[in-house]
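Below: the structure, in structure tokens.
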Number of protein chains: 2
Amino acid sequence: MLFAASESDVVDALGLAREHGFPVVPFAAGSSLEGQVVPVAGGLSLDVTGLNRVLEVHPGGFQATVQPGVTYPELNRQVRSQGLFFPVDPGAEATLGGMASTNASGTAAVKYGTMRDNVLEMRVALMDGRVIRVGSKARKSSAGYDLRHLFIGAEGTLGIITELTVKLHPLPAHLVVLRCNFGRIEDAAACAVGIMGAALQPERLELIDEHEIHAVNVHKGASYPEAPTLWIELASPSEVALAEALELCAELCRDAGGRGLATARSAAERAEIWEARHHSYYAMCALYPDHARLSTDLCVPLHRLPEIIAFTRAEADAAGLHASILGHVGDGNFHVLFHAHPDDDATWASIRGVYDRMTTRTLELGGTCSGEHGVGLHKRAYVAQEHAGALGLMRDLKELLDPQGLLNPGKIL
Amino acid sequence: MLFAASESDVVDALGLAREHGFPVVPFAAGSSLEGQVVPVAGGLSLDVTGLNRVLEVHPGGFQATVQPGVTYPELNRQVRSQGLFFPVDPGAEATLGGMASTNASGTAAVKYGTMRDNVLEMRVALMDGRVIRVGSKARKSSAGYDLRHLFIGAEGTLGIITELTVKLHPLPAHLVVLRCNFGRIEDAAACAVGIMGAALQPERLELIDEHEIHAVNVHKGASYPEAPTLWIELASPSEVALAEALELCAELCRDAGGRGLATARSAAERAEIWEARHHSYYAMCALYPDHARLSTDLCVPLHRLPEIIAFTRAEADAAGLHASILGHVGDGNFHVLFHAHPDDDATWASIRGVYDRMTTRTLELGGTCSGEHGVGLHKRAYVAQEHAGALGLMRDLKELLDPQGLLNPGKIL
């Protein structure tokens, strides 16, 4: 483990690796979910949390330049007083370098996009000793090949990010969260599709099932109705417009079979809901402390969402599994959290079967095996299936940028 | 010239080129501005306008799959009845394949982004005979390297796009255009920055100077006040909210020294303004029919816009040039249209000097030499300057995908 304190420390570490032929695995918060930071081939774990300075903030340009070890909550603390925020919120205390490396997203991606949509420019240290600048601080550019997107989502396998310029957004003036319960989870999913179709452009549009709600209730001492639920955050610069949007949204929910509609208006009430959402994973862990877990993050074209959710629920129920579903459903992205005792081989085989069938079905529907968690160790076979035609070119790019295969080996490909 | 009618025609043409060693230059509308479609090394001009079918539209998924020869106005005609539209509007009857190849944008990019933000998935024919699928029909994906952005903006130098799945957006319910004139162009630019800072999130935010307004007045028989002008389009799902936004916007304009405020509300009035904007280039051509022209499309971080506009105006005026300025200023993107008699060598040398100084200044401010037109033949030296550190990697990628150098040679690099 080496603790880098500067870009030149990163360059030096890569130089030593090149010279001595050992792997380098970048590390920061360690909150990635697919084993991205596990040094499976040994070598150096390169900790960039010491690169933790916010270098520049330009409110009028809606942008900030940061080092890769800055966490997104820390950036938000620093820009909030200027009426701005950074919208990508994967949970945990994730760092912006790690978030760019997995193309993280979160609850606000439905409105503001993923890391891919929010990184303007980066500095990247390459294996050959160069540090290159990719992208531009301008909001748009058509000047040459866009190398930025090669490194976003590459999980440190092509280069190591040493600086990022990211977009900031104005804090919305007026906000409200609508809660609504449904009898069946696929009805909640269909309602989410209807809300997107009505152009309500929610800030957040989250689905959470009865199992997760139960875990949250136990963990937080809350009393949310234990049924498949949508949590919908709406925003507007105008209070009147917000009231109109809320009325339309409530009507859509009721028409889709929703009940128990309730609103959260104050900052404290809204924060409570989003904290419950962000802690739902930990809540489920706490409820089954002796279980091991497997989380998925499939994403389909929005019009296919009710179908894949219904398919997944039916498959998991038929197999008698602990499988809770939640998701950033405005994006067509949903998670299933499977859990079972680590020694229960029969159940794990069953989980693997459902996991495989839901992923295959997702790919058939034009979706992707990872909406936001990335590939890491665990989804390499599915990436090979999803991008069968392009896999050769991905391998060529890896070979071009890391001919010795030293950058985070064993990941993605 | 070969007229492709199918993807396999494109693959066959590339196969022949590979076998016989001749260049292939993709062609469609021919409306690109930097010489992208000029076959400078001879070879085959591969016309894909015959690939002109809209293959699928999924309103609930907000997406359409099209062949590369479909124009954006044609796509809009086909999806309008479903309450949807495709927002990228570079002008002319540009095709979606060409627009992806130059990462085109236009007036609505300030709200909806560029081609890069609106292409979900593509099929691309490679020089080695493969056809690969890049991206995903899901709204977001973290599954492997994102090869989509390698080909968007690559101007046909890395592969030829044979199919695209693009995002569609809901048509806004209520719209209004505010016109406002300013004494000095830099005041108009500063006002644009203020409007963005107030989070008004305009649909369009266009600057047009007195010279362009004059040309439009002559060409269209219009009577817009001949002064630096902002044309600001606002939208809302709520009439009340739109009125509030308009009031705030008008206040910001007046505070920034704006005058002659006027609104266009009906679809016909608004269309007249945006037609005037899209035809302004032709209007200037018509006014000086014996002049040659040079157009630029620099883009800077938004907070640097007033400074670079003032610098450019001062440089052009000091050199006594015909130089009209207009731009998609909400993005920090502006155009200068220089024109002079083709034989007037002294003036063209002077134009080249101003062009060079404004571009250098833009790069110093963190901007880009091309916000939307691309590189083509004319901006290769500036790309080399802007991306000095990354140019080697760009060359490596070109070599990897086109080792014989047959795909649109002489462009970008």
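Order of the sequence lines fixes the chain letters, A, B, ..., with proteins taken first and strands second; residue numbering starts at 1 for each chain. Remember, it's a predicted structure, so these values are computed and weren't measured experimentally.
A/Phe85 meets the ring-ring contact (aromatic ring centres under 6.0 Å, His included) test with A/Tyr112; sequence neighbours excluded. Evaluation of the side chain to side chain donor-acceptor pair (under 3.5 Å) rule for B/Thr296 yields no partner, not counting sequence neighbours.
Between chain B and the residues A/Gly367, A/Ala390, A/Ser141, the most heavy-atom pairs under 4.5 angstrom are made by A/Ser141. Put simply, of A/Cys299, A/Gly332, A/Ala199, the one with the most heavy-atom pairs under 4.5 Å next to chain B is A/Cys299. When each of A/Asp117, A/Ile152, A/Leu158 is scored by its heavy-atom pairs under 4.5 Å with chain B, the top score falls to A/Leu158. Per-residue heavy-atom pair counts under 4.5 Å with chain B were compared for A/Ala241, A/Ala388, A/Pro237, A/Gly61, and the maximum is reached by A/Gly61. Among the candidates A/Leu305, A/Val300, A/Leu120, the residue making the largest number of heavy-atom pairs closer than 4.5 Å to chain B is A/Val300. Counting heavy-atom pairs closer than 4.5 Å to chain A, the top-ranked of the candidates B/Ser238, B/Ala143, B/Ser236, B/Pro170 is B/Ala143. Between chain B and the residues A/Leu391, A/Leu147, A/Val131, the most heavy-atom pairs under 4.5 angstrom are made by A/Leu147. Interface remark: of the candidates B/Leu150, B/Asn333, B/Val193, B/Asn333 forms the most heavy-atom pairs closer than 4.5 Å to chain A. Here B/Leu393 is the residue among B/Leu393, B/Leu200, B/Thr362 with the most heavy-atom pairs under 4.5 Å with chain A. Note on B/Ala138, B/Ser136, B/Gly389: by heavy-atom pairs under 4.5 Å with chain A, the leading option is B/Ala138.
A heavy-atom distance below 4.5 Å is not found between the side chains of A/His58 and B/Pro301. Looking at A/Leu397 and B/Leu400, their side chains come closer than 4.5 Å, going by heavy atoms from C-beta outward. Using a 4.5 Å heavy-atom cutoff, the side chains of B/Thr157 and A/Tyr145 are in contact. A 4.5 Å side-chain heavy-atom check between B/His149 and A/Arg116 finds at least one atom pair inside the cut-off.
For A/Glu386, the parts sitting under 4.5 Å from any heavy atom of chain B are the backbone and the side chain alike. There is no contact between A/Lys379 and chain B, counting heavy-atom distances below 4.5 Å. Of the two parts of A/Leu365, neither the backbone nor the side chain holds a non-hydrogen atom closer than 4.5 Å to a non-hydrogen atom of chain B. Interface residue A/Glu372: backbone and side-chain heavy atoms are both found under 4.5 Å from chain B. Heavy-atom distances place both the backbone and the side chain of B/Arg133 under 4.5 Å from chain A. Heavy-atom distances place no part of A/Arg380 under 4.5 Å from chain B, backbone and side chain included. Interface residue B/Met196: backbone and side-chain heavy atoms are both found under 4.5 Å from chain A. Within the 4.5 angstrom heavy-atom criterion, no atom of A/Tyr382 approaches chain B. For B/Leu413, the part lying under 4.5 angstrom from a heavy atom of chain A is the side chain only.
Once rounded to the nearest 0.5 Å, the distance linking CZ of A/Arg139 with NE2 of B/His328 reads 12.5 Å. Expressed to the nearest 0.5 Å, how far CD of A/Glu155 lies from OG of B/Ser142 amounts to 8.0 Å. One distance of note links NZ of A/Lys140 with OG1 of B/Thr114; it measures 7.5 Å at 0.5 Å rounding. The distance from atom CZ of B/Arg148 to atom CG of A/Asp146, rounded to the nearest 0.5 Å, is 10.5 Å.
Residue-environment remark: CD (A/Glu239) stays at or below the threshold of 12 foreign heavy atoms within 6.0 Å.
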